[in-house]
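Written below as structure tokens is the structure these notes are about.
Treat the numbers as computed from the prediction; the structure is a model and nothing was measured. Order of appearance sets the numbers: ligands from 1, and atoms from 1 within every ligand.
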Amino acid sequence: MLERFGHGGDLLTAQELFGIGAGSFTDLSANMNPQGPPACVASLLADYAQTIGHYPDPAARGLIHKLADHHGVSGSAILAGNGAAELIDLTVRLLQPKVTIVTAPSFVEYGDAAIKCGSAVKKLALSEEEGFRLTLQQVSDMLASLRAEGVGAGEALWFLGSPNNPTGQLSDPAIIRELLGEGERVVMDEAFMDFVPGAAAFSLLKEAAIHGNLIVIRSLTKFYAIPGIRLGYMVAIPATIARLKALQVPWSVNSLAQQIGEAVLGDEEYRRSTMDWLAEERPWLAVQLKRLGLAVYEGAANYILFALPQQHSLDARSLQQQLGLRGILIRDASLFEGLDERYCRVAVRFREDHIRLLEALKPLLEQG
Ligand SMILES: Cc1ncc(COP(=O)(O)O)c(C=O)c1O
């Protein structure tokens, strides 16, 4: 199984499974910007030998300053971390919720972080009929069931993704504001929000800087294609940030990550070309997948969830296997709770990668 360690993008496991060199795959199993890291990253790497002998800035001041400028929030409302993954874990460790509510499907680390802290996890099942969008009705029903079980306002934690992984669906900010109005605590993982055109209308980042019950987590690894260095940040009111900092391992963000974060945030040209590429390629890929008879859930991010036809002899696992043997990696989305064996997820990449995928998919699907 490609997701042996729980996630996509595991090229060493792919090499073991499919007998192809790790560097030779067309990898659509990890949702990475295919443009690769911005050019500034290579020159920072070349110069890094001069700074590696010193400890990183424990407060990541340069990076926090850049992030504060970038988002127009106070630096005291921002904490940098060793990838969004660290911040997901840190948040739950700080908040110690009695109950954590996650959607099914959603990124597995929300529930895993909660379980590690001894929290009960309640699943909110997203429905295919609603296009896997979270509805106000579902939220109201969950609230009613929490209250019926004696879980009071602010005792539970809602851990949600927007865009959600693997569906790509955005959370409606109005629904989240309703929850906050009920005194609920909400963490929004906006790891893929940078890919969303007009993100300001959907993001809750600015509100998180002033609302005590809201935290927003962001990642720099996907948009800037730098997952190897691990870099993310979160926004919350300064008092919460101070408590999170106190729990965090010292020097959690290494100096190379800090330097790269500062540099990439200023690269407007990279941002523009990424948005142009995605505006062209996601709809194109979605249409082609539909033409092959797949049920496609396009979403707002740089990946597409699709389902194989009912009664097809291939399921997600066997499709992943067949494509893997042909040097193409996709995510078996049936491993996400809430999705059945028909679901797969592919990253949006370049046109030639899509053509390679489609050419491999077509005969496999025609076999019926
Ligand atoms: C929804 C979501 N949030 C967070 C992360 C972790 O991001 P990072 O690389 O910044 O730790 C991932 C990684 O796949 C993800 O899919």
Report task. May I ask you to identify the nearest protein heavy atom to atom 7 (O) of ligand 1, giving residue, atom name and distance to one decimal place in Å? Result -> Lys222 CE, 3.4 Å

Query raised in the report: According to the interplanar angle, ranging from 0 to 90°, do the rings of Tyr270 and Phe223 count as parallel (below 30°), tilted (30 to 60°) or perpendicular (above 60°)?
Result: perpendicular

Requested in this report: Mind checking ring pair (Phe, Tyr, Trp, His ring centres under 6.0 Å) for Trp284 and listing every partner two or more places apart, or none if nothing turns up?
Outcome: none

Query raised in the report: Ser219 heavy atoms, cut-off 4.0 Å: which ligand 1 atoms fall inside?
Result: 7 (O), 8 (P), 10 (O)

Report summary line: For atom 11 (O) of ligand 1, the closest protein heavy atom turns out to be Arg230 NH2, 2.5 Å

Requested in this report: Given side chain to side chain donor-acceptor pair (under 3.5 Å), test Thr274 with Asn33 step by step and report yes or no.
Outcome: CA-CA 8 Å; Thr274 295; Asn33 189 335; 2.9 Å; yes

Query raised in the report: What atoms in ligand 1 come closer than 4.0 Å to a heavy atom of Ala191?
Result: 2 (C), 3 (N), 4 (C)

Query raised in the report: Which ligand 1 atoms does Thr221 reach within 4.0 Å, using its non-hydrogen atoms?
Result: 8 (P), 9 (O), 10 (O)

Query - Within-4.5 Å side-chain heavy-atom neighbours: Lys66 and Asp69 - result: no

Query raised in the report: So, for Glu86 and Val249, which heavy atoms are closest and what is the spacing to 0.1 Å?
Result: OE2-N, 4.5 Å

Requested in this report: Using distance alone, decide if ligand 1 has a nitrogen or oxygen within less than 3.5 Å of any nitrogen or oxygen in Ala84.
Outcome: yes

Report task. Check whether the side chains of Gln288 and His354 place a donor and an acceptor atom closer than 3.5 Å, and report yes or no. Result -> no

Query - Residue and atom name of the nearest protein heavy atom (relative to atom 16 (O) of ligand 1), distance in Å to one decimal - result: Asn165 ND2, 2.8 Å

Query raised in the report: Considering only heavy atoms of Tyr110, which atoms of ligand 1 have at least one such atom less than 4.0 Å away?
Result: 1 (C)

**Report entry** N/O separation below 3.5 Å, Phe192 to ligand 1
**Finding:** no

**Report entry** Separation between CG of Leu124 and CG of Asp141, rounded to the nearest 0.5 Å
**Finding:** 8.5 Å

Query raised in the report: Of all the atoms in ligand 1, which lie at a distance below 4.0 Å from a heavy atom belonging to Asp189?
Result: 1 (C), 2 (C), 3 (N), 4 (C)

